[in-house]
Chemist: 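One structure, pasted below without further comment.
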Amino acid sequence: MLDRNLIRQNPDLVRVGSKRKGVDAPVDEFLSIDTSWRTATHEWESTQAEMNRVSKSIGALMGQGKKGEAEEAKARAAELKAKVGTQEERAKQLEAQLREIELRFPNLPHESVPDGMRPEENVTVREWGDRPTFAEPPRQHFDIALEHRLIDFERAAKISGSGFAVYTGLGAKLHRALIQFMLDHQVQVNGYDEVYPPSLVLSSSLVGTGNLPKFEEDLYSTKDDLYLIPTAEVPVTNLYRDEIFDGTDLPIKHCAFTPCFRREAGAAGKDTRGILRTHQFEKVELVKYVLPEESYNELELLVVDAESVLQALGLHYRVVLLCAGDMGEKGCKCYDLEVYAPGEDRYLEVSSCTNFEAYQARRANIRFRRGPGEKPEFVHVLNGSGLAVPRLLVALLETFRLSDSGDIVIPEPLRPYMGIGLLTRPK
RNA sequence: GGAGGGGUGGCAGAGUGGUCGAUUGCGACGGUCUUGAAAACCGUUAGGGGGCAACUCCUCAUGGGUUCGAAUCCCAUCCCCUCCGCCA
């Protein structure tokens, strides 16, 4: 959702920004309905004001015992009531139209975001580390996982169907170690406050983050009005729905570990082997609520916080600034972190760090006050993964498997959690 | 699951059909007094929509209804608390 005043006062800005995202925003339609709605609302409220006045006078007249006059006023009020009814209906209908139109507006890309529609037009802003080299062609993660008995794909399919993994033995432990390490790292090194939210949320929470009504087919639902979360962004962003922060408390930074559930309805046949794309995966998420004037600076810091995990693990990666047409509808500016997976010989997205500005805050009604007596303003909300576990695991297995022995070296920061420094290949 | 009780402003807590968007207390903010502070005293203090503005409309959990008029009456839904049962 955009600020209505922005569309009214600066329609061209909205047209141009939307076009950069490849969306033909209904600006003219909005402006026309908006004008009608405001006129209708004004008429409706005027009649209502008169009715309220008459109603109030009845009470006074009754009090003074002027029964006759009170009866006259009652008749007058009844007339006005009928008028209010039709005017209200028209105003409400126009407002509903306006809301429907409003939801078709994408968030506008920031000026620093490059033009483009396709992934190839994204811009790599920096790389870290070197591509690892191997004596023999590096193996792919599902082979390594089988070799070390870290993941049982067959039994996963038996119990849950395709697109799931059962982590076994040291695989399960490594999975858990990554989560523990990332949480501790974000809390202790980067100063995030940990929360553990529910994995089932009401539909109203999904509307707050913009997943509903548009992306219903991506979500798992239940018989109740509860949905499985596609990302911790949903419960964590909604923590403060309808609340007003004290401006001096900002920024507020949360990290959260949750499982994430996605139907991947549009991705059938893509990345079907292994754990590159599964219906359930685990992730540590970072969410920040910040002052509007700080949000772009905070975005850079968010990226650095997410990157620091990859650096600590010693994994080669790149930071990609997404072009306007590839970042999705909700964001203003988005950096992807892509870790290099040698066996796949490609870069895997393990984090999307996005500044939504006030887009989500407006939908979820999350505000702050600069000082006593000041009007509440919408906060800017940012989030990014820090990081997604399965793809990180892929990069880790493929990067640290020694060609000669087949053993896997555990990166130093994970050793306290694993209790060992090397996964030796079972015979 | 059964039986009761309840959801009002930052918090506490009045208000059972008519100047109630709401008495009061606490907190917060501003001021007087003071060298400074405390105390005392005075004042301010919900959110949102529309309008350049005057102003106006909506909101007392949510959605309907009754009425000229609803925080107040009726219906439904949600949430919270207490007791009993059940399960950990």
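Bear in mind the structure is a predicted one, so any value in this text is a computation, not a measurement. Within every chain, numbering begins at 1; the chains are lettered A, B, ... in the order of the sequence lines, protein sequences first and strands thereafter.
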Chemist: Are there any protein N/O atoms within less than 3.5 Å of an N/O atom in nucleotides 54-62 of chain B, and if so, which ones and at what distance?
Modeler:
from	atom 1	to	atom 2	distance (Å)
C57(B)	OP1	N52(A)	ND2	3.2
C58(B)	OP1	Q48(A)	NE2	3.4

Chemist: On a whole-Å scale, what distance lies between the C1' atoms belonging to G27(B) and G65(B)?
Modeler: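 Going atom to atom, C1' in each nucleotide, I get 40 Å.
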Chemist: Which sits closer to the 5' end of RNA chain B, G59(A) or A78(A), going by the nucleotide each is nearest to?
Modeler: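 Nearest nucleotide further toward 5': that of G59(A).
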Chemist: For the residue pair Y317(A) and E307(A), confirm or rule out a side-chain donor-acceptor distance under 3.5 Å.
Modeler: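 Yes, a side-chain donor-acceptor pair sits under 3.5 Å.
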Chemist: Counting Watson-Crick and G-U wobble pairs only, both distances under 3.5 Å, name the nucleotide matched with C87(B), or none.
Modeler: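 No nucleotide pairs with C87(B).
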Chemist: So which nucleotide does G10(B) pair with, by the Watson-Crick or G-U wobble rule with both distances under 3.5 Å?
Modeler: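 By the stated definition (distances under 3.5 Å), C26(B) pairs with G10(B).
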Chemist: Pick the C1' atom in G63(B) and in G9(B), then give their distance to the nearest Å.
Modeler: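 That atom pair is separated by 23 Å.
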Chemist: Please determine if a side-chain N or O atom of K81(A) lies less than 4.0 Å away from the OP1 or OP2 oxygen of G69(B).
Modeler: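 Checking K81(A) against G69(B): at least one side-chain N or O falls below 4.0 Å of OP1 or OP2.
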Chemist: In whole angstrom, what separates I244(A)'s CD1 from U45(B)'s C1'?
Modeler: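 Value for this atom pair: 13 Å.
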Chemist: Please determine, by modelled atom types, if S112(A) and K333(A) share a side-chain donor-acceptor pair under 3.5 angstrom.
Modeler: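 Looking only at side-chain atoms, K333(A) and S112(A) do form a donor-acceptor pair, the distance falling under 3.5 Å.
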Chemist: Taking the P atom in each of G47(B) and A22(B), what is the distance between them to the nearest angstrom?
Modeler: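 Comparing P positions in G47(B) and A22(B) gives a spacing of 14 Å.
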Chemist: Side-chain donor-acceptor pair under 3.5 Å between E282(A) and Q280(A), yes or no?
Modeler: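 A donor-acceptor contact under 3.5 Å links the two side chains.
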Chemist: Across all strands shown, which nucleotide pairs with C60(B) by Watson-Crick or G-U wobble geometry, both distances under 3.5 Å?
Modeler: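 By the stated definition (distances under 3.5 Å), nothing pairs with C60(B).
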Chemist: Identify, between N365(A) and A73(A), the residue whose nearest nucleotide on RNA chain B lies closer to the 5' end.
Modeler: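 Looking at the nearest nucleotide for each, N365(A) comes out on the 5' side.
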Chemist: Verify whether one side chain among E357(A) and Y296(A) offers a donor that lies under 3.5 Å from an acceptor in the other.
Modeler: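 There is such a pair (donor and acceptor under 3.5 Å, judged by atom type) between the side chains of E357(A) and Y296(A).
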Chemist: Less than 3.5 Å apart, any donor N or O on the side chain of T47(A) or Q87(A) sitting next to an acceptor on the other?
Modeler: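 On atom types as modelled, these side chains qualify, holding a pair under 3.5 Å.
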Chemist: Can you check the E377(A) CD to G48(B) C1' distance for me, whole Å?
Modeler: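 Computing the E377(A):CD to G48(B):C1' distance gives 16 Å.
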Chemist: What is the distance, rounded to the nearest whole Å, between atom CD of E71(A) and atom C1' of G69(B)?
Modeler: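 These atoms are roughly 13 Å apart.
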Chemist: Between C20(B) and U56(B), how far apart are the P atoms? Round to whole Å, please.
Modeler: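 It works out to 16 Å between them.
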Chemist: Watson-Crick or G-U wobble partner for C52(B), using a 3.5 Å limit on both distances?
Modeler: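 When the pairing criteria are applied, nothing turns out to pair with C52(B), so the answer is none.
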Chemist: Calculate the interatomic distance between N5(A) atom CG and G48(B) atom P; express it in whole Å.
Modeler: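 For the pair N5(A) CG and G48(B) P, the rounded distance is 14 Å.
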Chemist: Please give the nucleotide sitting opposite G17(B) as a Watson-Crick or G-U wobble pair, both distances under 3.5 Å, or none.
Modeler: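 G17(B) is paired with nothing.
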Chemist: Using the C1' atom as the point on both nucleotides, what is the distance between C52(B) and U59(B), in whole Å?
Modeler: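 The same atom, C1', in both gives a distance of 26 Å.
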Chemist: With respect to the phosphate group of G48(B), does any side-chain polar atom (N or O) of R4(A) fall under 4.0 Å of OP1 or OP2?
Modeler: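 R4(A) to G48(B) OP1/OP2: no side-chain N or O under 4.0 Å.
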Chemist: Quick one: do the E29(A) and S32(A) side chains pair a donor with an acceptor below 3.5 Å?
Modeler: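 On atom types as modelled, these side chains do not qualify, holding no pair under 3.5 Å.
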Chemist: Please determine, for C33(B), whether a Watson-Crick or G-U wobble partner exists with both distances under 3.5 Å, and give it or none.
Modeler: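 Its partner is none (no Watson-Crick or G-U wobble pair with both distances under 3.5 Å).
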Chemist: Is there a Watson-Crick or G-U wobble partner for U82(B) with both distances under 3.5 Å, and if so, which one is it?
Modeler: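 Because both required distances fall under 3.5 Å, U82(B) counts as paired with A3(B).
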Chemist: Ignoring hydrogens and geometry beyond distance, is a side-chain donor-acceptor pair present between E194(A) and Q186(A) at under 3.5 Å?
Modeler: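 Not at all, the side chains of E194(A) and Q186(A) share no donor-acceptor pair under 3.5 Å.
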Chemist: How close or far is atom C1' of U67(B) from atom NZ of K74(A), stated in whole angstroms?
Modeler: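 Those two atoms, NZ and C1', are 9 Å apart.
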Chemist: Indicate, with a heavy-atom threshold strictly under 4.0 Å, whether R8(A) touches base, sugar-phosphate, or nothing.
Modeler: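 Sugar-phosphate contact only.
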Chemist: I want to verify a distance call: between G50(B), G21(B), C68(B), whose nearest atom is closest to the W37(A) side chain?
Modeler: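 So the nucleotide nearest the side chain must be G50(B).
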Chemist: For E243(A) and G47(B), what is the distance between atoms CD and P respectively, to the nearest whole Å?
Modeler: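 Distance, rounded to whole Å: 15 Å.
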Chemist: Can a side-chain donor-acceptor contact be found between N365(A) and R367(A) if the only test is distance below 3.5 angstrom?
Modeler: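 Distance-only check passes for R367(A) and N365(A).
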Chemist: Is R369(A) near enough to G10(B) that one of its side-chain N or O atoms lies under 4.0 angstrom from OP1 or OP2?
Modeler: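 Answer no for this pair, as no side-chain N or O of R369(A) is under 4.0 Å from OP1 or OP2.
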Chemist: Quiz question: by atom type and distance under 3.5 Å, do the side chains of D152(A) and Y167(A) form a donor-acceptor pair?
Modeler: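 The criterion, which ignores hydrogens and geometry beyond distance, is not satisfied for Y167(A) and D152(A).
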Chemist: Within the structure provided, determine whether L206(A) and V234(A) are in side-chain contact (heavy-atom separation under 4.5 Å).
Modeler: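 Answer yes - side chains close enough.
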Chemist: Rounding to an integer number of angstrom, what distance separates U32(B) and C68(B) when you compare their C1' atoms?
Modeler: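 Between the two C1' atoms, the distance is 49 Å.
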Chemist: For the C1' atoms, the ones on G15(B) and on G1(B), what distance do you get once it is rounded to whole angstrom?
Modeler: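 36 Å, rounded to whole Å.
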Chemist: What is the distance from CG of D246(A) to P of C11(B), rounded to the nearest Å?
Modeler: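 Result: 15 Å.
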Chemist: In whole angstrom, give the distance that lies between atom CD1 of I366(A) and atom P of G48(B).
Modeler: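 After rounding, the gap between these two atoms is 15 Å.
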Chemist: For atom P, what is the distance between A76(B) and A88(B), given to the nearest Å?
Modeler: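 Roughly 35 Å separates the two P atoms.
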Chemist: So, is K375(A) close to the G47(B) phosphate, meaning a side-chain N or O under 4.0 Å from OP1 or OP2?
Modeler: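 Checking G47(B) against K375(A), no side-chain N or O comes under 4.0 Å of OP1 or OP2.
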